[in-house]
Number of protein chains: 2
Amino acid sequence: MTTIYDIAKRTGYSPTTVSKAFNNYSDVREKTRQEILEAAREMGYLPNAHARTLTTKKSWTIGVLFVEGTGAGIRHPFFGAVIEDFKQVAVEKGYALMFISKDVGGKQSGYLENCRIHGVDGVVVLLSDYGDPYFQELLESNIPMVILDYETAQAHTVCSDNTAGALQAVEYLVSLGHRRIAHISGGKGTFPGKQRELGYIAAMESHSLEIPEGGIVEGAFYSLESGYAAMQQLLALQERPTAVFASGDLLAQGAVMAARDSGLAVPADISVMGFDDIELSKFVTPALTTVRQDTALLGRRAAEVLLSSIDEGRGEMQALVFPVEVVVRESCAPPAEE
Amino acid sequence: MTTIYDIAKRTGYSPTTVSKAFNNYSDVREKTRQEILEAAREMGYLPNAHARTLTTKKSWTIGVLFVEGTGAGIRHPFFGAVIEDFKQVAVEKGYALMFISKDVGGKQSGYLENCRIHGVDGVVVLLSDYGDPYFQELLESNIPMVILDYETAQAHTVCSDNTAGALQAVEYLVSLGHRRIAHISGGKGTFPGKQRELGYIAAMESHSLEIPEGGIVEGAFYSLESGYAAMQQLLALQERPTAVFASGDLLAQGAVMAARDSGLAVPADISVMGFDDIELSKFVTPALTTVRQDTALLGRRAAEVLLSSIDEGRGEMQALVFPVEVVVRESCAPPAEE
DNA sequence: AGTGAATATTAAAGGGCTTACATTTACGGC
DNA sequence: GCCGTAAATGTAAGCCCTTTAATATTCACT
């Protein structure tokens with residue numbers, strides 16, 4: 001492995017000068033720099049990131065805290081899309097991404113601990129359970145951080161305007177003529193779930209529509225299965241709703257399947273609307289009418305916020321909220337005449 | 001930041017002993033170790049991975065080479081699933097995962113270079129374009145490596161039995177009574193694409209079935225759009241095939257949509273079969289009959305192969321091939337009477 | 001020539017950890 | 001009491017790089 005010492009020996013300069021040549025110090029003569037760079041190329045020199053980090057305290061590494069345990073992980077359609085765009089700008093700026101787990105080598109250690117051990121310069125958080133004590137510990141720390149799908153004054157946050165999204169969704173259903181609109185809520189603990197539920201309630205109130213007794217059902221983990229189960233509950237209601245707004249696309253799709261299995265046609269007999277616009281939503285039949293989040297924008301802006309927080313200190317915490325839009329497809333229609 | 005020197009000072013032992021205490025050397029007395037560990041805990045000591053790596057030459061980091069550029073990246077449904085399981089066993093064994101890009105900080109540098117700079121202990125490769133010269137460069141190197149969805153004698157490889165899968169697919173279609181079976185092939189450059197096409201051809205021959213002129217169409221990037229276009233070509237054929245075997249689920253789904261847009265019902269008028277069994281395949285209508293790859297197994301075994309290659313030297317190259325299975329759902333049926 | 005200011009180069013000190021090797025301590029046996 | 005061995009601990013060098021402060025060189029100008 002070639003080091004700056006080897007280059008120094010070969011060119012006759014000191015290691016100091018060699019190092020400076022690579023780091024574009026203004027006090028090495030252009031001719032000298034060229035000589036050194038040329039030698040480095042010939043010798044196949046590559047800098048050692050660990051040695052550099054050891055002295056500079058800067059690792060050029062960003063920790064990625066990704067949903068663990070639920071079995072979704074990297075597969076998670078929404079977070080997966082966001083992180084991909086995040087990665088693009090981070091890499092562009094010279095950073096590498098590293099997954100931070102809480103149990104490494106079978107030892108329970110926690111996110112913060114692993115961040116410290118690896119000396120990451122910052123962290124991007126994409127979790128669904130923000131109650132996790134290990135996450136809280138990280139949150140208390142002073143590591144530059146950006147969190148997705150969550151809001152807190154303790155860190156920069158980036159999320160979609162869930163409340164407004166839910167509002168728009170209900171608006172749309174109302175505009176089709178629906179009045180008995182039920183809601184399949186996201187998991188209790190999730191931030192977007194709460195927001196969307198709030199938006200739903202607010203929208204119903206603003207139209208003076210009554211929320212049917214039992215008209216809000218919780219679906220766990222945003223999973224297809226829980227959407228299915230939730231829909232079964234809704235269909236068993238005294239007065240069956242004519243439209244259902246689900247907090248996630250998978251929940252919605254589960255609802256569609258439950259309706260179908262009960263002999264109801266979507267959207268002829270009952271309308272179903274989702275949230276997220278994950279990839280599969282345009283392929284299912286009927287294609288899902290939903291609320292689209294701009295994942296590319298979320299990812300990109302999250303990266304920008306984090307990087308500038310790394311460069312310029314944490315500064316004022318930013319809570320970025322991005323607008324969403326209703327994507328009309330085939331799963332909603334005016335209610336059937338009664 | 002607490003270091004072993006701080007602990008040494010506080011406990012009165014030397015840094016050496018402190019280091020040994022952490023590394024479970026047998027020559028520190030149990031009582032001493034306890035004292036040191038206790039002090040470390042009180043002082044909030046955490047080891048510095050970079051310093052450790054610098055001396056030991058072992059980074060406990062695995063580089064992940066993930067499809068770039070096509071826009072799919074982490075979203076890629078198949079690779080995403082595989083890497084998730086890979087990650088699980090790697091983390092379990094104490095490794096962290098780091099994404100390796102070829103252009104960092106706007107500089108074109110290449111995979112190998114970045115692996116060296118970060119001193120990764122090994123690399124897992126999930127690419128679709130294995131012709132990339134930067135990948136070739138990496139392949140020539142001696143970095144422990146496991147490659148997915150590819151075969152070469154130069155590295156350990158893990159893939160599904162694509163040929164057999166294609167064979168089984170055709171078998172199944174034949175068993176339903178189909179004889180005019182067309183194929184939508186994967187991209188020219190992809191390894192699984194070639195394998196599956198070969199399997200298709202072999203299967204057709206073994207049944208003495210003629211491959212219709214123009215009955216093999218290439219779909220680029222395994223994308224929905226190219227599946228759609230390919231299907232349009234097939235439907236325009238003199239004698240329309242009664243069944244189409246597509247090299248990927250997205251291709252297949254595109255084909256289904258093309259058929260539908262041409263006024264054909266799937267599977268009543270034409271059967272469509274896919275490959276991969278990505279998540280959405282069970283949600284579309286008709287649910288896609290396809291060939292399932294065991295992504296969990298692929299990921300897990302890939303990790304095991306890589307880790308043992310790291311521990312015990314590269315050794316004999318292994319080419320692991322895993323069986324696949326036909327998943328019967330709704331998109332295939334016996335051909336219509338003529 | 002001599003001065004001072006600017007420019008170019010280097011020595012040396014870390015950064016936090018591991019490890020080969022050296023040294024000290026403990027202890028049973030004579 | 002002294003020796004030898006095994007067990008426990010310590011010294012010091014080294015991993016590769018950066019950075020501060022000091023030294024050397026150049027050059028313009030009296």
Side-chain angles (χ1 to χ4, degrees), chain A residues 1-37 39-40 43-61 94 96 105 113-121, chain B residues 1-40 43-61 94 96 113-121:
Chain A
M1 196 187 182
T2 351
T3 73
I4 53 170
Y5 285 85
D6 301 324
I7 302 181
K9 205 170 296 167
R10 159 116 161 224
T11 58
Y13 292 102
S14 72
T16 307
T17 305
V18 174
S19 171
K20 286 183 170 179
F22 287 125
N23 292 286
N24 293 312
Y25 272 59
S26 61
D27 62 355
V28 344
R29 213 189 333 181
E30 188 50 32
K31 177 168 161 285
T32 310
R33 184 200 313 288
Q34 289 309 332
E35 262 178 74
I36 291 176
L37 263 40
M43 304 174 76
Y45 169 77
L46 289 178
N48 178 318
H50 300 286
R52 198 211 291 288
T53 299
L54 189 55
T55 55
T56 59
K57 310 280 189 224
K58 165 116 187 173
S59 65
W60 289 98
T61 297
E113 181 167 330
N114 285 114
C115 286
R116 288 262 150 78
I117 290 177
H118 285 109
V120 298
D121 298 328
Chain B
M1 196 185 184
T2 351
T3 74
I4 54 170
Y5 285 86
D6 301 325
I7 303 181
K9 205 168 298 168
R10 160 116 160 224
T11 57
Y13 292 103
S14 72
T16 304
T17 305
V18 175
S19 171
K20 287 180 172 178
F22 288 125
N23 292 285
N24 293 312
Y25 273 57
S26 62
D27 62 356
V28 342
R29 211 186 342 174
E30 188 51 33
K31 177 168 162 284
T32 309
R33 183 201 313 288
Q34 289 309 332
E35 262 177 74
I36 291 175
L37 262 41
E38 171 62 18
M43 303 173 75
Y45 169 78
L46 288 178
N48 179 318
H50 300 285
R52 198 211 292 288
T53 300
L54 190 54
T55 55
T56 59
K57 310 283 188 220
K58 166 115 186 172
S59 65
W60 289 97
T61 297
E113 180 167 332
N114 286 114
C115 285
R116 288 262 152 78
I117 290 176
H118 286 109
V120 299
D121 298 328

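If you're wondering where the values come from, they're calculated on a predicted model, not measured in any experiment. Below, chains carry the letters A, B, ... as their sequence lines are ordered, and counting in each starts from 1. These numbers come from the heavy atoms of this one structure, side chains and all, not from hydrogens, waters or symmetry mates.
In this structure, CD1 in B:I36 is found 11.0 Å from OH in B:Y45, a value given to the nearest 0.5 Å. Annotation: the span from B:D27 atom CG to B:R29 atom CZ amounts to 12.0 Å, rounded to 0.5 Å.
The side chain of B:Y45 has C:dC17 as its nearest neighbour among C:dC17, D:dT19, D:dC17. You'll find that the side chain of A:L54 is closest to C:dG16, out of D:dT19, C:dC17, C:dG16. Here C:dT9 is the nucleotide among C:dT9, C:dC17, D:dT9 with the atom lying nearest to any side-chain atom of A:V28.
Rounded to whole Å, the distance from NZ on A:K9 to C1' on D:dC16 is 13 Å. Between the P atom of D:dA7 and the CD atom of B:E30 lies a distance of 15 Å, rounded to the nearest Å. One atom, NZ of B:K31, and another, C1' of C:dT25, lie 14 Å apart when rounded to the nearest Å. Distance A:I7 CD1 to D:dC17 C1': 12 Å, rounded to the nearest Å. Rounded to whole angstrom, the span from the CG atom of A:N23 across to the P atom of D:dT20 amounts to 12 Å. At whole-Å resolution of the value, CD1 in A:I36 and P in C:dT9 are 8 Å apart. With rounding to whole Å, B:Y25 atom OH is found 13 Å from C:dC21 atom C1'. At whole-Å resolution of the value, CZ in B:F22 and P in C:dT18 are 9 Å apart.
Contact annotation: B:K57 side-chain N/O to D:dC16 OP1/OP2 distance is under 4.0 Å. Taking side-chain N and O atoms only, B:S19 has a distance below 4.0 Å to OP1 or OP2 of C:dT18. The side chain of B:S26 places no N or O atom within less than 4.0 Å of a non-bridging phosphate oxygen (OP1 or OP2) of D:dA7. One finds a side-chain N or O of B:R29 lying less than 4.0 angstrom from the OP1 or OP2 phosphate oxygen of D:dT9. Between B:N48 and C:dG15 there is no side-chain polar atom (N or O) within less than 4.0 angstrom of OP1 or OP2.
Around the NZ atom of B:K58, the shell of radius 6.0 Å holds more than 12 heavy atoms that belong to other residues, nucleotides or ligands.
Using a 4.0 Å heavy-atom cutoff across all strands shown, A:T53 reaches no nucleic acid atom at all.
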TODO: I would like to know whether B:Y13 and B:V28 meet side-chain contact (heavy atoms from CB on, under 4.5 Å); could you show each step before the answer?
DONE: CA-CA 11 Å; B:Y13 292 103; B:V28 342; over 6 Å; no
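For B:N24, the side chain to side chain contact (heavy atoms under 4.5 Å, CB included) partners two or more places apart in sequence, or in a different chain, are B:R33.
Between B:T61 and B:H118 there is no side-chain heavy-atom pair separated by less than 4.5 Å. The side-chain heavy atoms of B:N23 and B:R52, taken from C-beta on, include a pair separated by under 4.5 Å.
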Protein and nucleotides 10-12 of chain D: nitrogen or oxygen contacts under 3.5 angstrom:
| unit_1 | atom_1 | unit_2 | atom_2 | d |
| --- | --- | --- | --- | --- |
| D:dG10 | OP2 | B:S14 | N | 2.6 |
| D:dG10 | OP2 | B:S14 | OG | 3.2 |
| D:dG10 | OP2 | B:T17 | OG1 | 2.9 |
| D:dG10 | O6 | B:K20 | NZ | 2.9 |
| D:dT11 | O4 | B:T16 | OG1 | 2.6 |
| D:dA12 | N6 | B:T16 | OG1 | 3.4 |

